[in-house]
Each structure stands twice: as C-alpha cells, then as structure tokens.
Amino acid sequence: MKNDQHLRWWQRGVIYQIYPRSFKDTTGNGVGDLPGIIEKLDYLSDGTGNSLGIDAIWLSPIYPSPMADFGYDVADYCDVNPLFGDLATFDQLVAEAHRRGIRIILDYVPNHSSDQHPWFIESRRSRDNPRRDWYIWRDPRPDGSPPNNWGSAFGGPAWTWDEATGQYYLHQFLKEQPELNWRQPEVRAAMMDMLRFWMERGVDGFRIDVVSLLIKDAELRDNPPNPNADPTLPPNDISGRQWPVYNRDQDQVHEIIRDFRRLLDEYDDRCAIGELSLELPRWIRYYGQNGDGLHLPFNFRLMGLPWQAQAVRRSVDELEAALPPFAWPNYVLGNHDRARLASRLGSQAQARLAAMMLLTLRGTPTLYYGDELGMENGVIPPEKLQDPPGLRLGKEHSRDVCRTPMQWDDSPNAGFSTAEPWLPVSGDYATRNVTIQSADPTSMLNLYRRLLWYRRGSPALFGGCYQPLDAGDNCFVYLRAAGDERRLVALNFADGQRRVSVPGEGAGRIVISTHLDREESVSPSGFELRPHEGVIVEL
Ligand code: NOJ
C-alpha cells in the first residue's frame, strides 16, 4: 500500500479486545460492566502518549444471556445484558468512545443462540411450530442414536435429544447453544436485521463468531475419523478425533459472508472481522473473490507456532505471498480462548519482543486486554473453575486462566471491583498493574504505549510495505517502508546476544528498544542485539 491516505481505520488502526466481565466493575457485583469501560476509555486513548493509544475496542458479547458460555449464548441479539448496563449506557459508550476517536466493534454470534432465546423456545415447542426449522432438528438414526457422528467442541456429541418432540437438535458447543439454520431465509433476514440494529446505533464493526461454521453439509454427513488424533484426548472429545470435513467451511458460507458485506457496505466505513482457524488456502477465501468477503479474517496462525524466529518469519512470509492485492493482513497473539501470551512464550522478555513484532508487522494488530501489562495465566482453584470446556474436558482446557480481572492497581481485587471478582485476580496483581507500570519508565505498559504511539506516527509501520531480510541466527529482521520513510525492525528471539547485519544500508538510529533503555546511532551493516531484544531503527 503506497498511499496511506487510502487506508481505512481498520487497516491503520490497532484493535483492543475487552472481555467485559473482567475489565472494570462499577456496580460492586464482581463482574465488569459498560460504565467500567467508559470509565477506562482515557486509559485506552486520550489522544496523548500517556494513554495506550489504541483505535478500536472489540467487546466480547454484551447481550442478554444465561451465560452458559459467558455470553456466547445469546438470548436477545438486540439488547444489553443488565449485568453490563442497558442500551442507554451502550449509546453513551459509543458516544464517549467516538469522542476519543475510538471505534466500537461488537461480537456477533450468528451460528448459535442461547436455548433461552425466544426463537429456540418456540422452535422446541412442537414439530410444526413456524420456528421449528430456524434450528437444525433431525430424527434419530434407526437405532435411536444421534443423526450423525459430529462432536461438540466442548466435549460429547453435537446433538441433544428432545424428549418432548422426539428429535435431536444440533449444537457444536454446549447444548445450551443450539445452532441456527442459516439455510432458512427468514433466519438470514432476522439475523441481518440485528446487524442493522447495531449499526444504526453507531457500531463500527463486528467480530463474527465461528463464521466458518454457519453452513453445514446439506446432508449432514458423518465426519471421517482423524488418524492423527492425539491419543491422550479425553474420551468425550469426539470432535477432536474427527476431520471437520462436513461441519464447517462449506462453500455456501461465502454467500452469507457476501450478504454481510453488502449490508455493511450500505453504511459508511464499517468493518467485518471473522473468527476462523483454517489452513491458509481455505482461510484466504474468506476475504472474498474480489474483496467482497470479510475485511479481516482473524489470523491466529502465529499463536500455534513454536516461538522461534524462522518459524514466525515463514508464517508471515507465507501469508504475505498468499494475500491477493485487495486483502489486508492482520495478526492476533492473544484472546479470550488462548493461554496468556506471556505464559505461552514463557517469559516477559519474549512477550516484549512479541509486542514489538505485533505492532510493526504489516497489517492490523489485535491486542488482548492485560497483555499490555504482561498478564500471565491466572491460577484458578478447582472450586472456582467456570469455563465449560474446563469443567467438561479437564482443567487444562479451561479458558478461565486468560480471563482473570484486569489489574488496575494494588488495592484489594486489583482495583477491578469492590466485591469478590467472578474469577480470582491473578496473584501478581500487587506488582503487575497499571498504576505501577505507568510510573515505571521501562515497564511493559510503557513499551506498548511507545510502540503504539510511534506506529501511529509512522506511515511505514501502519501502512508501508514489508520486506524480510536475512539476518542473525534466530533473529527476525524486516524492513517497513512507505515513500521515503524506512524503518528496520530487528527482533532477537535467542537467549544470547546476536549480531545483526543488513548489507547496503547507510546510517541508522535505534528509536525504540524493547528494553526501553537505548536510543542511539547504529550501523545497520553490523549491530548487536542483547538476548530477547528487539529494536526499531530509523534508516
Ligand atoms: C468462539 C469464541 O471465541 C469462544 O469463546 C466461544 O466459546 C465459541 N466461539 C462459541 O461461541
């Protein structure tokens, strides 16, 4: 992209994911809420380098929900859960965020509703209910077993028997999350109306949950077994033992995505992000054939790799090579479904390196709340486990560890709440929190702030081209450039010192080191990086 004038907000900006239950509680019930987010907007961006400096917040679901899957079981797509606030508070959040130049992205959960959604309550009432086919109901097989062999991602079969009407319904997550039938035109129309509803309220974009699941095989055929399945999977992990051939990524899903896009394009500058994990050639199709698909199919690829410079570079280069010209890259290193970044990488030093990489690669970064402090996996005592996969598949599957309350200060409950939080605050909160890190010039938080604000002022970083360079062993080095502006990023993944050598460059100046302790002239043809150090060099 040569001309940054042409970049849209979701291309040049940085997205910050908030898990609303865990961000800031203002009502004293131990669960975060919308007024809490409003209170912390200045932390996210007040227009100065004292704030984090993000451009958009993505809120995990805020809708009315029985919370079987903590909001990913929606009982009303057009309202706000009273736990979090109400529509008026939401409108206030939009206005306050927009006033600061922060966009609002909502989580949209179209694959399944809650079993408490009025549509499902009607649907399960009788076989001839007008909403029966809004969900996916099937007769049992002759032996009474479920219609096919699909498993739920949270353990057990993907079908639940309904005694009253004598059929099974499909749910690839909890039985409290029945799947909507997107082959039903009325369902499509109703679900499109939900998007309209929120866009009319000023929402700038949607993160679409499990988008590749929306359409299943028309005949609901059995998935083949996966011969490479991990033999140590828990016995009830049926889906983990199958190839997901028929339950996801069916060609017709792209029609629906084009419909989403057409609708979003009726409004000014809205953004469609999709949650999906597929091999690169299948994943890339979600941008659409001519850019008429998702703006940003989330790219989770880096989260599954060994943290090693060559592996990371290969993944980035493969993506860059595969993207058609209309497609904009993006990178995700943490979210509410994965272990915390700092815990995954095993050290704060590596997490600092990851921050520099995420904020300097070509494409839109998505940050996960708390990663800017280097928050680590929480320790959740067995009696406090909340997450359904943790309870059903074993505690190592629990996502509670990455959902612990945001650590604001060293007061009780980390300044998150005056009540006992819904998940325990992480043990390190007294030393790892926003207040302490704000006062420490070399903290992780101040590294994020420096990187975010530097990126914002650098067309090479937010919009320039990307060119990888061969450099030191276990180092990932690349050039970012736009017009005359050229920035070298050199990341040392190794435990030891490394010498980086980039031939053919004149003088350079390090402007940010991940250690936040050096700004100096260097010769790109040969300079040292300390263990786990990354630098941005102005050329
Ligand atoms: C993906 C979401 O990220 C996850 O948290 C949720 O449990 C499932 N989709 C089901 O909605």
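Numbering starts at 1 and runs along the sequence shown. Indexing begins at 1, ligand by ligand and atom by atom, following the structure's order.
- Aromatic ring orientation, Y77 versus H117: tilted (interplanar angle from 30° to 60°).
- A pairwise comparison of heavy atoms in P306 and V312 identifies O-CG2, 4.3 Å as the closest pair.
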Which atom pairs, nitrogen or oxygen on both sides, join ligand 1 and the protein at under 3.5 angstrom?
{"unit_1": "ligand 1", "atom_1": "3 (O)", "unit_2": "R207", "atom_2": "NH2", "d": "2.9"}
{"unit_1": "ligand 1", "atom_1": "3 (O)", "unit_2": "H336", "atom_2": "NE2", "d": "2.8"}
{"unit_1": "ligand 1", "atom_1": "3 (O)", "unit_2": "D337", "atom_2": "OD2", "d": "2.5"}
{"unit_1": "ligand 1", "atom_1": "5 (O)", "unit_2": "H336", "atom_2": "NE2", "d": "2.9"}
{"unit_1": "ligand 1", "atom_1": "5 (O)", "unit_2": "D337", "atom_2": "OD1", "d": "2.7"}
{"unit_1": "ligand 1", "atom_1": "5 (O)", "unit_2": "R399", "atom_2": "NH1", "d": "3.2"}
{"unit_1": "ligand 1", "atom_1": "7 (O)", "unit_2": "D69", "atom_2": "OD1", "d": "3.4"}
{"unit_1": "ligand 1", "atom_1": "7 (O)", "unit_2": "D69", "atom_2": "OD2", "d": "2.6"}
{"unit_1": "ligand 1", "atom_1": "7 (O)", "unit_2": "R399", "atom_2": "NH1", "d": "3.0"}
{"unit_1": "ligand 1", "atom_1": "9 (N)", "unit_2": "D209", "atom_2": "OD1", "d": "2.9"}
{"unit_1": "ligand 1", "atom_1": "9 (N)", "unit_2": "D209", "atom_2": "OD2", "d": "3.2"}
{"unit_1": "ligand 1", "atom_1": "11 (O)", "unit_2": "H112", "atom_2": "NE2", "d": "2.9"}
{"unit_1": "ligand 1", "atom_1": "11 (O)", "unit_2": "D209", "atom_2": "OD2", "d": "2.7"}

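- When only modelled atom types and interatomic distance are considered, Q407 and D428 share a side-chain donor-acceptor pair under 3.5 Å.
- Annotation: salt bridge (charged side-chain N to carboxylate O under 4.0 Å, His left out) contacts involving residues 148-158, sequence neighbours excluded, are absent.
- Side chain to side chain, E200 and Y267 meet the donor-acceptor criterion of an N or O pair below 3.5 Å.
- A 4.5 Å side-chain heavy-atom check between N226 and R241 finds every atom pair outside the cut-off.
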